[in-house]
Amino acid sequence: MPYTQFMATLVCVPIMVTDEASALRDAAAARDAGADMVEFRVDDSFAGAGDEEDAARVARLASRSPLPCILTCRPTWEGGHYDGDDDVRVAMFERACVGLQSGEHAPRYIDVELAAYNRSDNLRLKVNLCVDPRESEHATGLILSSHDFNSRPADLTRRMLSMRSHETSRVHKVAFRARSLRDNIELFELLRHADRPMIALGMGEFGLMSRVLAPKFGAFLTFASLRDSTATAPGQPTVAQLLETYRFRSIRASTRMYGVIGWPVSHSLSPRIHNAGFGELGIDAVYLPMPIGAGVTPKDNDASLKATLSELIEYSPLDFSGCSVTIPHKESLVRIARELGWEVDASAAMIGAANTVVIAREGERVRVRIFNSDAPAAIESIKSATEGGSIAGLTIGVVGAGGAGRAVAFGSAMAGATPIIFNRDRARAEELANAVVTATGVSARAEAWEGMAGAACDVWVNCTPLGMSNGPAPETLAIPGSALSRGAIVLDTVYTPRETPLVKAARECGCRVVEGLEMFVRQAAIQFEAWTGMPAPMGTIRRTVMAALTPAEG
Ligand code: NAP
């Protein structure tokens, strides 16, 4: 019989114990940050002598914890640091659970690896004497766990059956390295069909979904770190990210999932802004980074995007309802949408790139639609700097002929302006200009990259990464100063930093400047409205973007 969790999913902070004082300080900080439980990993501190005094120290630590705790002494063969004798670590568990001295109390849980528990009758017998299978605040429960740090274990089903055969365990834990977003689905299925409280987590960047959506699938707990551990534990959010950005406490079975697909995607601002928007309007939804690797060829890219998107859409318990799509998948999205018979809106078809997927479910029927919000966002941003709100008749210098350049060129032409395209690779500029003329009938032309210096345009739009921090040339001015005439409108689509070399130079030349974050906010708002049917909370979105970009400037 599947088990149904009625309690809220707990947030547990793992603490690698080096000494008692710092472990207790971290546990108090975890409590203050909003966590419900801590896991004391004593495999390092207990690895030394492992004598009675060591065991007494561990018992004292568990007793003094300001939050209910899990006590774990993970051996090296299961990815931990303890390489001592099993008898010694079991004696430590006995001391902490049943050998208590006056004033001490037992840990809420101990975690023992399924492999150790199965391997030795003696260990099993002793562990069983430490724990009580019945839910109780006063007796220690057993978490039987199984980890694979490389990939999904081939014998996962066998491991699950073995766990279930042991009546003594109160909680089951499975954690393996997720190799793609699709691995999360199997973890969710384990949770949905669990026969008792369960933890099912994907390690690594691809597993973040399993950690954040744990309450949606009734998990017993999820782990979150106290400090940013992106470098050492990618995919493990901090308590603050989990509770504030992802609004973990409001996630429930009905919560719809959205996200941003790209590679790399872990630094995207989109999760912050869409989650803030959902929070502001009380929408039962959460938005996650969704990494999908870049293929070596466009064909590889299409194949991995198609496989992952299709599987996530088909898995109805996920309530996957839409996503943003960014580099390098925007063009693949149009190709796979055509192949799968999804609706492709006219401008996405023309541009050949899309950045938004909207998934509507009516009973069994799933309707998928894609469109491009970059083009209207760029054009609306430019219009906001004009006197009359129109760009008809203006010449638009489009610098770059990639995804953003295509969106701006087609968007300008459709708004009655004349795009002039400058691209490092001239042939690509020519190809785009011809495509614009063919599709819209508006005059458009390509000019030499070097010709920019002497060109005169009413509006300039930088659609290259020039000037972007961490980009190919952060100090480079994307458009020569000689082209920036007083009164011209300049939109730099780059928004990290806010004050790019182009923004700075354009201000000094007396241009009307539109920052890239204006376009970014608008494209996000268009997506938000398409997904929710509600007006986007612009104030919240703008504030969130500003707050996120401010430290990057410093
Ligand atoms: P993309 O498809 O990869 O195109 C990159 C373009 O930049 C190409 O035209 C490329 O020229 C050019 N380029 C790259 N490195 C260059 C260099 N060192 N010197 C001169 N030209 C160079 O990328 P994308 O999607 O169009 O994005 C481009 C920029 O737009 C990004 O920086 C992104 O931040 C920004 N963007 C902003 C928003 C927003 O909402 N504000 C939205 C979308 C994009 P070649 O063809 O010669 O390689």
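In listed order, ligands and their atoms are each counted from 1.
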Worksheet item: Does Arg406 come within less than 4.0 Å of Glu431, counting only side-chain N to carboxylate O?
Response: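 Yes, Arg406 and Glu431 are salt-bridged.
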Fill in: Side-chain ion pair, Arg335 and Asp302, N-O less than 4.0 Å
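Looking at Arg335 and Asp302, the cut-off is met.
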Of all residues at least two apart in sequence or in a different chain, which pass the ring pair (Phe, Tyr, Trp, His ring centres under 6.0 Å) check with [X]?
| X | result |
| --- | --- |
| Trp263 | Phe206 |
| His274 | Tyr287, Trp531 |
| Phe188 | Phe217 |

Worksheet item: Given Glu518 and Arg542, is the salt bridge (charged side-chain N to carboxylate O under 4.0 Å, His left out) satisfied, shown in steps?
Response: CA-CA 8 Å; Glu518 188 56 36; Arg542 245 180 248 282; 2.8 Å; yes
Fill in: Residue shell around ligand 1, heavy atom under 4.0 angstrom
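These residues qualify: Ile327, Lys330, Asp374, Gly400, Ala401, Gly402, Gly403, Ala404, Asn423, Arg424, Asp425, Arg428, Trp449, Cys463, Thr464, Pro465, Leu466, Met468, Thr493, Val494, Tyr495, Gly516, Met519, Phe520, Gln523.
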